[in-house]
Amino acid sequence: MKFLSIVFISLFLIMQISQTVKAGTLANVKKNKLIKCGVSTGLVGFSAPNSKGKWSGLDVDFCKALSSAIFGSPNKVKFIPLSAQQRFTALQSGEVDILSRNTTRNLSRETNLGFNFAPVMYYDGQAFIVKKKSKAKSVKDLSGATICTQQGTSTEQNLAAYFRKHKLKLKVKVFESFEESTKTFVQGACDAYTSDKSSLAIFNVKFKSGFKILPEIISKEPLAPAVRHGDDQWLDIVSWTVYALVAAEELGLNSKNIHKHLKSRDLNIRKFVGATKGNGKALGLSKRWSYNIVKQVGNYGEIFSKNVGKKSILKIKRGLNNLWTKSGLMYSPPMK
Ligand SMILES: N[C@@H](CCC(=O)N[C@@H](CS)C(=O)NCC(=O)O)C(=O)O
């Protein structure tokens with residue numbers, strides 16, 4: 001009798017566990033009627049709240065695009081601000097469904113931490129900024145200088161490696177909070193500040209050209225959305241949302257003109273807008289998933305320009321983030 005009840009209890013537990021494994025992230029997201037999107041605490045251009053708590057930025061638009069793909073509306077997202085240090089545990093523990101937070105894809109994060117990265121949303125690299133009146137013209141002039149940076153970032157590791165390689169004396173001040181690290185630098189307690197180059201553009205906007213960025217780019221920082229290992233369908237949806245943004249730009253589809261293409265004769269466009277079915281079903285989404293992304297959020301070029309590019313205050317050039325047909329690295333595999 002005792003043996004039988006142990007068998008039944010074990011069977012019940014196994015069934016429960018396989019239920020939760022089967023109920024993947026998409027099912028959870030649908031059940032909650034929203035995507036829990038991990039973003040930064042406030043990095044202008046990528047993810048930052050305004051005074052009314054409304055979020056904007058490239059990483060924010062990515063989660064909105066995901067929401068359009070799944071719900072046919074860009075607004076079914078809860079943005080959860082995370083510091084560099086907090087972000088990985090938040091993803092591992094299920095506090096967020098996706099991390100869309102200027103996070104660099106690398107081998108140890110993908111293996112040891114148990115994540116899968118979607119395609120790159122922004123190709124970045126690490127750079128240094130100093131006050132305009134500083135004598136430093138190159139990173140080599142920063143030997144022995146105090147450098148501010150943020151804890152739990154690839155920035156911190158690259159800095160140590162670069163100084164070691166070039167036999168420079170490293171004096172570093174690390175901070176848990178972004179706010180504190182930048183404030184300390186601006187107030188003059190550090191001679192230089194280092195991070196992904198995209199996040200340095202804001203200094204001259206906020207503080208009226210009092211700063212200069214040094215010429216060296218010391219690392220590769222391919223920033224990409226991340227999800228937990230073990231949920232292929234969710235990874236497919238997240239990955240093809242990145243590709244849909246890029247493919248739309250390749251195909252000349254944008255938020256203003258896509259509705260005119262519903263009757264297109266072009267087979268690639270017909271697939272994209274869902275006039276010829278197939279892509280949506282394959283992903284477990286509706287036939288209009290990619291149409292909705294572009295109609296409601298825009299194509300990659302539009303969201304780049306609006307958040308970090310020429311229509312934004314940062315005015316960052318497309319560079320590596322241009323389409324492959326324009327000497328950049330943005331490339332979507334065929335969407336068919
Ligand atoms: N891409 C790097 C750096 C990412 C990072 O967290 N950078 C800091 C400095 S720019 C940041 O975004 N802080 C914003 C925050 O903590 O909310 C990484 O993945 O480690």
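All residue numbers in this chain count up from 1 along the given sequence.
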Short side-chain to backbone donor-acceptor contact, R105 and V120, under 3.5 Å: no
Side-chain donor or acceptor of N292 paired with backbone N/O of W289 under 3.5 Å: no
Centroid-centroid under 6.0 Å between Y193 and F203 rings: yes
Single-linkage hydrophobic cluster L283~F62, side-chain heavy atoms < 4.5 angstrom: yes
With P119, the side-chain contact (heavy atoms from CB on, under 4.5 Å) member among S239, P225, P222: S239
Crowding at NZ, K131 (>12 non-hydrogen neighbours, <6.0 Å): yes
Interatomic distance, K33 atom NZ to N28 atom CG [nearest 0.5 angstrom]: 13.0 Å
Expected output: side-chain K310 to main-chain K315 donor-acceptor under 3.5 Å: no
Stepwise side-chain contact (heavy atoms from CB on, under 4.5 Å) check, V130 with L142: CA-CA 10 Å; V130 292; L142 295 178; 4.1 Å; yes
Within-4.5 Å side-chain heavy-atom neighbours: Y300 and R318: yes
Main-chain N/O of R265 paired with R270 side-chain donor or acceptor, under 3.5 Å: no
T153 side chain reached by E156 side chain, heavy atoms, under 4.5 Å: yes
Worked check of side-chain contact (heavy atoms from CB on, under 4.5 Å) between R228 and T25: CA-CA 9 Å; R228 283 178 293 280; T25 315; 4.1 Å; yes
Minimum side-chain heavy-atom gap L223-M121 below 4.5 Å: no
salt_bridge(K165, E216) N-O dist < 4.0 Å: no
Donor-acceptor pair, side chain of K132 and main chain of S209, under 3.5 angstrom: yes
Sub-4.5 Å side-chain heavy-atom contact between L214 and S138: no
Whether Y162 and H166 hold their rings parallel, tilted or perpendicular, with breakpoints at 30° and 60°: tilted
Point-to-point distance, once rounded to the nearest 0.5 Å, from CG of N279 to NZ of K277: 13.0 Å
Joint cluster assignment, F304 & V205, ILVMFWY side-chain distance < 4.5 Å: yes
E302 versus S255, side-chain donor and acceptor atoms under 3.5 Å: yes
Spacing of CD belonging to E249 relative to CG belonging to N322, to within rounding of 0.5 Å: 7.0 Å
Q85 CD: over 12 foreign heavy atoms closer than 6.0 Å: yes
Check: T241 side chain, I237 main-chain N or O, donor-acceptor pair, under 3.5 Å: yes
Y291-L253 co-clustered via ILVMFWY side chain contacts under 4.5 Å: yes
Gap separating the CD atom of Q126 from the OG atom of S198, nearest 0.5 angstrom: 11.0 Å
Interatomic spacing from OG in S56 to CD1 in I303 - rounded to 0.5 Å: 12.0 Å
Mutual orientation of the aromatic rings belonging to Y122 and F46 [parallel < 30°, tilted 30-60°, perpendicular > 60°]: perpendicular
Gap separating the CG atom of L34 from the CZ atom of F71, nearest 0.5 angstrom: 7.0 Å
Modelled atom types, side-chain donor and acceptor of T194 and T149, under 3.5 Å: no
Test item: side-chain donor near acceptor, E176 and S83, under 3.5 Å: yes
Minimal non-hydrogen separation, F117 against A226, with atom names: CE2-CB, 3.7 Å
pair N32-K78: side-chain heavy atoms closer than 4.5 Å: no
Residue pair F163, I147: steps toward the side-chain contact (heavy atoms from CB on, under 4.5 Å) verdict: CA-CA 11 Å; F163 271 56; I147 301 172; 3.4 Å; yes
Donor-acceptor pair, side chain of W234 and main chain of I98, under 3.5 angstrom: no
Heavy-atom pair of closest approach, residues P74 and V77: O-CG2, 3.7 Å
Polar side-chain atom of Q233 near backbone of L26 as donor-acceptor pair, under 3.5 Å: no
Donor on one side chain, acceptor on other, D61 and N307, under 3.5 Å: yes
Side chain to side chain, R288 and L262, heavy atoms closer than 4.5 Å: yes
side-chain contact (heavy atoms from CB on, under 4.5 Å) evaluation trace for Q150 with S195: CA-CA 8 Å; Q150 214 181 331; S195 78; over 6 Å; no
Heavy-atom donor-acceptor pair, K197 side chain to F128 backbone, under 3.5 Å: no
Side-chain donor/acceptor of T103 to backbone N/O of R101, under 3.5 Å: yes
Verify same cluster id: L43, L99 (apolar side-chain graph, 4.5 Å): no
Side-chain heavy-atom pair K206, I313 within 4.5 angstrom cut-off: no
Co-membership, hydrophobic cluster, residues W324 and L251, 4.5 Å side-chain: no
Heavy atoms from other residues, nucleotides or ligands near NZ of K295 exceed 12 (cutoff 6.0 Å): yes
E95 vs S93, side-chain hydrogen bond (donor to acceptor under 3.5 Å, both in side chains): CA-CA, chis, key distance, verdict: CA-CA 6 Å; E95 187 188 339; S93 69; 4.5 Å; no
